[in-house]
Amino acid sequence: MSQVLLITNRAVSYEMYANGNEVSMLSLDDRAPGVHRIKHVAYRLGVESKIIDHFSSLTREQVIEVIHRHVDKDTKIVGFSSTFSGKGFMPILTQEFFDLLRSLGHPDLKIVFGGNHPKWEFIPNEVLLDNVDYFFKGFAERAFSILIERLFHGSTKSLFPSSTLRKAKIIECDKDYRFEEDVANLDYRLAYDDSDFIEPDEMLTLEISRGCILNCKYCKDADYNRKKSSDFVDIEENLRNVLLLNYEKFGTTKYSICDSMVNDNVAKLEMMSRVVGSLPFAPEFFVYVRPDMSITKPESLDLFASSGFTSMAFSFGSFIPENRRLAARSNHTDKAIDVIVGINQRAKTQVSMSTGLVAGLPFDTKETLLANQRQLVELVKANPNLTAIWSPHVLTPFGSFDYQVNAEIYGYAKTPQGWVNNTTGLTESYIKGLVKEFNIELLSTRAEMLTNVNFLKYKGPCDLNKFREIAAQEKSRKERYIAKLLTR
């Protein structure tokens, strides 16, 4: 039984390949990091927690069995992570389900819905609104720790809602309960244990640090502008211990680092290089890189190899200077490309890379789109270990860039058929058609075809049949997880 039960689905990555005149997709999944952060918070506060993964893949009968196995009168919190899967929960979250939770759990059971980019705001579900006690928006470690201290340790600390939604209190974690205000009592670790049923060849997720030193105007992470050299000193020994513990317990050597940008600080890379060099095994990391950051720090390129970065993703966004400035990227695209070449030249083993462009940005025209297309094709042809994809710009309620939030200022108008840019004359339907056509050409430029975002699961020369085998293995892994969930 669990004092805190955390329910989630996996974070899904989609791998694209050319299939005749269509772009087809296969999917792989990774463990969602948020619930493992909260699990670590509970652990530090002396409270037992359990994660239920693949929740939307369970049948109704399996859901009932799992709840009976893990909820009793000691269970005071049931939390749902909606960062990746809010909509997937909906068929399961019936009134019967919530009645079952409350009948089995503590009389003062609290039901929490949360996520870094929560989707529940856009899901009209009366049953959900009638039963949820708290909606946590954003990084919730600090708010969740206060809730745990109140329910389990008698703390008088308060959670002040910014608003309410039916009976639920909405907690704006990124505004009112920012993690760095209590950084002495929190750390970035993600907790994994035997109850997570981790297999030796599985890739786990880590967070080394949070935030960004750039404080770009148009970035959703601008509020977390706190990275400096001293931010990485205290976690060095913790990081080494976590990597060593997971290796000894589970045989884990592969990780996805979910930091917004891994190369924002040379001190961070130096720290990671020291940690990797001190381990009795060679870990491999998938990381998010911003080439612009290494233009003036060429010494950082040597650290990429010694830090175990064997797979990386980065986005140029656009090769057009006006659009690059929107995302605070350097105008010097050629120098950013030189960084990619430098990483390859220094790599001890072949490094897998993926990049992409966005089509339909505010300053795009038909001419600039074709120019982007030509340059991206040449970049891919010149770097055999690089794969790429073009994505259409979409006006979404989850968008955080200024040209999404204030779309009208940039000439965008919303219509039933999608957006229209009144300044350039481009339409959403035109952009999507162009992107599809170009991606088929791009993905067919070499035999491997796949965009291959999930590099650490897919090593060596790309082959569609091999990739399908890996997807089938992932499915089998999920089935084994569910079987263990129902029997252990």
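Model, not experiment: these values are computed from the prediction.
- Under the 4.0 Å criterion applied to side-chain N and carboxylate O atoms, Asp201 and Arg477 are assigned as salt-bridge partners.
- Residues satisfying the side-chain hydrogen bond (donor to acceptor under 3.5 Å, both in side chains) test with Gln95, not counting sequence neighbours, are Asp99, Asn131.
- Using modelled atom types and a 3.5 Å distance limit, the side chains of Asp364 and Asn323 yield a donor-acceptor pair.
- Side-chain N or O atoms of Glu428 include none that pairs as donor or acceptor with a backbone N or O of Gly418 at under 3.5 Å.
- Judged by distance alone, with hydrogens and angles left aside, the side-chain atoms of Arg166 form no donor-acceptor pair with the main-chain N or O of Leu129 at under 3.5 Å.
- Of the charged side-chain nitrogens involved, at least one lies within less than 4.0 Å of a carboxylate oxygen, so that Glu96 and Arg60 count as a salt-bridged pair.
- Around atom NZ of Lys484, more than 12 heavy atoms belonging to other residues, nucleotides or ligands sit under 6.0 Å away.
- Using a 4.5 Å heavy-atom cutoff, the side chains of Ile146 and Arg150 are in contact.
- The closest donor-acceptor contact from the side chain of Lys39 to the backbone of Ala191 lies at 3.5 Å or more, if one exists at all.
- When atom types are taken as modelled, the side chain of Ser158 and the backbone of Phe160 share no donor-acceptor pair closer than 3.5 angstrom.
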* To do: Before giving the answer on side chain to side chain contact (heavy atoms under 4.5 Å, CB included), spell out for Phe286 and Ile257 the whole-Å C-alpha distance, their side-chain angles and the decisive distance to 0.1 Å.
  => CA-CA 6 Å; Phe286 168 76; Ile257 297 179; over 6 Å; no
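- Listed for the Asn421 side chain is a donor-acceptor partner under 3.5 Å among the backbone atoms of Thr423.
- Distance check, rounded to the nearest 0.5 Å: CG of Leu58 to CD1 of Ile52 gives 8.0 Å.
- Here the side chain of Thr75 pairs no donor or acceptor atom with the backbone of Gly105 at under 3.5 angstrom.
- With respect to Asp133 and Lys167, a salt bridge is recorded, a charged nitrogen being found less than 4.0 Å from a carboxylate O.
- Remark: side-chain polar atoms of Tyr481 are paired, donor with acceptor, to backbone N or O of Asp53 under 3.5 angstrom.
- In the model, Asn9 has a side-chain atom that pairs as donor or acceptor with a side-chain atom of Ser56 under 3.5 Å.
- Of the inter-residue distances, the one linking Phe304 atom CZ with Asn344 atom CG reads 11.0 Å to the nearest 0.5 angstrom.
- A distance of 4.5 Å separates CD1 of Ile67 from CZ of Phe97, quoted to the nearest 0.5 Å.
- At distances below 3.5 Å, not a single donor-acceptor pair connects side-chain atoms of Ser294 with backbone N or O atoms of Pro291.
- In this structure, the side chain of Glu202 engages the main chain of Glu199 through a donor-acceptor pair within 3.5 Å.
- At least one donor-acceptor pair under 3.5 Å links the side chain of Asn372 to the backbone N or O of Phe319.
- Applying the side-chain hydrogen bond (donor to acceptor under 3.5 Å, both in side chains) criterion to Gln417, with sequence neighbours excluded, gives no partner residue.
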